[in-house]
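Right, one structure below, let's go through it.
Lettering of chains follows the sequences in order, A, B, ..., and the numbering in each one begins at 1.
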Amino acid sequence: MGESMKSYRSHYSKDVTTEDYGKKITVAGWVEDIRNIGSIAFIILRDRKGTLQVTGLKKQHPELFEKLVGISRESVIAVEGLCKASDKARNGYEVIPEKFEVLSAAETPLPLGVVDKVESDLDTRLDNRFIDLRKPEIQAIFKIRTQVIAAIHEYLKSQSFIEVHTPNIIASSSEGGTDVFKLKYFEKEAFLAQSPQLYKQMLMATGLDRVYEIAWYFRAEEHNTRRHLNESTAVDLEMAFINSEEDVMKILENLVYNMWKRASKCTEELKILDKKVVLPKLPFKRLPYDEVIKKLNKNGSKITWGEDLGTEDERLLGEIMKKEGHEFYFITKYPIEVKQFYTMPEGEKYSRGFDLECKGVELASGSQRIHDVELLKKRLKECDLDPKDFESYLKAFRFGMPPHGGFGFGIERFLMELLEIKNIRECILFPRDRARLTP
RNA sequence: GCCCUGGUAGUGUAGUGGCCUAUCAUCCCAGCCUGUCGAGCUGGGGACUCGGAUUCAAAUUCCGGCCGGGGCGCCA
């Protein structure tokens with residue numbers, strides 16, 4: 001208390017070394033717990049790197065002691081005091097306060113405990129996400145997420161990809177099919193992009209050749225599952241002058257490998273989460289759709305040729321593939337009828353579309369695209385879409401469009417599989433789902 | 001959108017017609033305690049989702065709303 005301190009923090013909890021013992025330091029953070037024994041009290045202070053112990057002695061500073069033990073949990077304080085070695089404290093040292101400041105007192109009771117001995121529902125946690133995120137095991141997910149995204153940039157740039165940012169406000173629904181969010185754009189109607197699909201394809205007509213974007217997907221589908229969000233992020237990538245979708249799959253599997261590898265180096269976070277990340281083997285198995293149907297039928301599924309895989313079939317395939325030693329695998333050569341209009345057909349019935357699956361869950365989907373404008377128009381009509389709604393897109397195909405392909409790869413889905421998280425909402429800071437719009 | 005399921009203190013829960021003045025833990029408040037680290041002990045505080053209906057009697061049964069959870073469809 002008393003005169004204010006020069007700086008709120010000279011050290012984070014984990015940055016104090018034996019060299020600092022016997023010296024004056026300042027620490028700041030959230031009051032995680034107060035254990036008042038009577039004439040001595042222990043305050044557990046938490047910062048982004050961990051916790052430390054502030055030890056108050058009544059005899060030494062009666063007034064300061066009273067104020068210290070009167071702080072509410074989760075208040076933000078800064079403490080200046082002597083850093084003293086102690087075998088009895090967790091980190092090997094404790095801080096004997098000389099003065100402290102309450103920077104922000106927390107109200108009581110807390111809507112959600114940070115270290116309470118009871119579990120809370122996800123809904124309660126999300127309603128109080130700012131407190132939920134104070135937990136090291138929740139922060140760990142997002143620290144790993146940062147690393148994974150860094151690995152995306154690093155790998156793709158090493159492969160000469162250019163990072164782009166395409167519009168999220170668009171004039172017409174990008175791909176047809178899924179529902180889009182409508183919004184007012186001055187006197188016009190506009191939509192939130194369900195993906196950068198059409199834009200990244202148009203960029204293939206520019207000579208940039210290889211582009212990617214960490215994109216937002218906005219989807220107005222009223223799904224209610226553990227693996228869907230109405231607002232999610234993805235790596236969206238497109239590359240030109242490919243010979244076939246195989247070129248795209250090679251980039252994708254290497255990308256996944258590099259992301260996985262980077263995550264495996266987050267030892268501290270993985271320890272907090274009690275997870276082990278085992279590197280997948282390259283290359284991933286390519287499994288043609290025809291073979292998928294055979295495998296599924298042989299194992300009791302009634303799926304018939306031409307159908308897309310349902311959740312149950314996907315899961316069953318995941319089990320079959322795991323027995324064969326494949327956690328990751330591509331499903332290739334899908335029937336053209338289950339793929340979007342821009343997917344390159346192959347022969348009469350097939351396409352150059354693929355999905356990347358991990359343990360029975362779809363992580364990414366991609367294809368070689370159609371680059372011939374007449375074929376593209378034909379496919380639009382076959383998919384009950386009006387080429388007139390796609391004029392600005394189709395224009396890019398009329399003045400020199402190289403063969404190309406790409407994929408969309410969900411980042412939250414990836415984290416779910418990487419960290420074995422059961423609900424996708426855990427993988428995004430502030431999830432948007434069918435019902436949730438706040439916080 | 002469809003199917004199943006649930007809603008009890010701040011947070012989690014027990015209770016399935018009267019024994020409920022509602023259980024337990026956590027939490028909050030007060031007190032005791034000089035080495036806590038899931039601190040301990042003593043005392044105190046706090047709740048039946050909302051609106052109707054049935055019944056002598058409803059947290060408990062029925063109907064509707066609102067809000068969750070799980071599954072499916074669809075997808076990333």
Side-chain angles (χ1 to χ4, degrees), chain A residues 32-45 51-60 65 69-70 72-74 84 86-92 94 96 106-128 131-132 175 177-179 194-197 214-236 252 307-315 338-340 355-358 361-366 407-417 422-425 427-428 433-436:
Chain A
E32 187 165 288
D33 198 13
I34 300 169
R35 294 192 267 272
N36 182 2
I37 312 299
S39 300
I40 186 167
F42 307 99
I43 284 91
I44 309 302
L45 193 69
T51 56
L52 61 85
Q53 179 169 290
V54 175
T55 304
L57 295 156
K58 198 176 194 171
K59 242 186 207 167
Q60 197 175 318
F65 182 89
V69 300
S72 55
R73 289 200 312 167
E74 294 305 316
K84 194 182 139 202
S86 166
D87 312 335
K88 289 163 191 159
R90 231 181 295 194
N91 303 345
E94 60 191 358
I96 311 297
E107 291 177 25
T108 57
L110 296 164
L112 177 70
V114 177
V115 290
D116 287 5
K117 291 130 202 150
V118 288
E119 288 291 307
S120 299
D121 291 343
L122 182 59
D123 194 52
T124 306
R125 291 174 37 216
L126 292 176
D127 280 341
N128 301 283
I131 295 180
D132 190 45
E175 300 165 44
T178 60
D179 293 316
Q194 70 181 79
S195 86
Q197 182 63 34
I214 307 283
W216 282 106
Y217 285 5
F218 301 98
R219 302 197 173 172
E221 300 212 347
E222 300 192 11
H223 36 48
N224 206 322
T225 79
R226 291 177 301 141
R227 4 172 257 294
H228 291 272
L229 293 165
N230 290 293
E231 186 183 61
S232 67
T233 59
V235 189
D236 238 278
L252 178 51
E307 280 183 90
D308 207 350
L309 274 63
T311 308
E312 196 59 47
D313 287 321
E314 263 193 305
R315 193 159 39 225
V338 302
K339 284 292 167 186
Q340 292 95 333
D355 283 354
L356 173 63
E357 303 268 324
C358 174
V361 175
E362 183 180 336
L363 281 190
S365 101
F407 59 78
F409 172 24
I411 292 172
E412 289 82 20
R413 281 278 177 90
F414 173 87
L415 287 168
M416 262 180 106
E417 292 309 311
K422 294 280 178 284
N423 195 315
I424 198 165
R425 279 156 258 237
C427 300
I428 191 161
D433 60 34
R434 178 68 187 84
R436 181 174 290 279

Requested in this report: Using salt bridge (charged side-chain N to carboxylate O under 4.0 Å, His left out) as the criterion, list what pairs up with A:Asp123, not counting sequence neighbours.
Outcome: A:Arg436
Report summary line: Sorted by chain and number, sequence neighbours left out, salt bridge (charged side-chain N to carboxylate O under 4.0 Å, His left out) with A:Arg226 holds for none
Scan [X] against the nucleic acid and name what it touches under 4.0 Å (heavy atoms): base, sugar-phosphate only, or nothing.
X	value
A:Thr124	sugar-phosphate
A:Thr311	base
A:Asn423	sugar-phosphate
A:Thr225	base
A:Glu222	base
A:Glu314	base
A:Ala364	sugar-phosphate

Interatomic distance, [X] [atom1] vs [N] [atom2] [rounded to whole Å]:
X	N	atom1	atom2	value
A:Asp313	B:rC75	CG	P	14 Å
A:Leu229	B:rA76	CG	P	13 Å
A:Leu415	B:rA76	CG	C1'	12 Å
A:His223	B:rC72	NE2	P	13 Å
A:Asp308	B:rC72	CG	P	15 Å
A:Phe407	B:rC75	CZ	C1'	17 Å
A:Leu122	B:rU11	CG	P	15 Å
A:Leu126	B:rU11	CG	C1'	15 Å

Report task. Can you sort out the partners of A:Asn91 under side-chain hydrogen bond (donor to acceptor under 3.5 Å, both in side chains), two or more places apart, ordered by chain and number? Result -> none
Report summary line: Residue set satisfying side-chain hydrogen bond (donor to acceptor under 3.5 Å, both in side chains) with A:Arg73, at least two apart, ordered chain then number -> A:Asp116
Query raised in the report: Among A:Arg413, A:Glu221, A:Arg219, A:Glu412, whose side chain to side chain contact (heavy atoms under 4.5 Å, CB included) with A:His228 holds?
Result: A:Arg413
Query raised in the report: For A:Arg226 and B:rG71, is the shortest distance between a side-chain N/O and OP1 or OP2 below 4.0 Å?
Result: yes
Query raised in the report: According to a strict under-4.0 Å criterion, is A:Arg434 in side-chain N/O contact with OP1 or OP2 of B:rG1?
Result: yes
Query raised in the report: Hey, does the side chain of A:Ser120 reach the backbone of A:Arg125 with a donor-acceptor pair shorter than 3.5 angstrom?
Result: no
**Report entry** From A:Phe65 atom CZ to A:Thr55 atom OG1, the distance as rounded to the nearest 0.5 Å
**Finding:** 10.5 Å
Query - Residue pair A:Lys422 / A:Leu122, side-chain heavy-atom distance below 4.5 Å - result: no
Query raised in the report: Quick one: does A:Val361's side chain get under 4.5 Å of A:Met416's, heavy atoms only?
Result: no
Report summary line: Contacts of A:Arg413 and A:Asp433 projected onto RNA chain B by closest heavy atom; the upstream (5') one is A:Asp433
Considering only the [atom1] atoms, how many Å lie between [N] and [M], rounded to the nearest integer?
N	M	atom1	answer
B:rG15	B:rA58	C1'	14 Å
B:rU5	B:rC27	C1'	29 Å
B:rG70	B:rA14	C1'	23 Å
B:rG46	B:rC24	C1'	15 Å
B:rC50	B:rA59	C1'	14 Å

Query raised in the report: Can a donor-acceptor pair be found between the side chains of A:Asp236 and A:Tyr217 at a distance below 3.5 Å?
Result: yes
Report task. Taking atom types as modelled, find out whether A:Glu107 and A:Ser72 have a side-chain donor-acceptor pair closer than 3.5 angstrom. Result -> no
Query raised in the report: Please, what dot-bracket string fits RNA chain B when only Watson-Crick and G-U pairs with both distances under 3.5 Å count, crossing ones use [ ] and pairs to another strand use |?
Result: (((((((..(((.....[.....)))((((((.......))))))...(((((..]....))))))))))))....
Query raised in the report: Per the atom types in the model, does the base of B:rA76 pair as donor or acceptor with the side chain of A:Arg227 at under 3.5 Å?
Result: no
Report summary line: In 5'-to-3' order, the base (B), backbone-only (S) or no-contact (-) status of each nucleotide in nucleotides 26-39 of chain B, using a 4.0 angstrom heavy-atom cut-off, is SSS----BBBBBBB
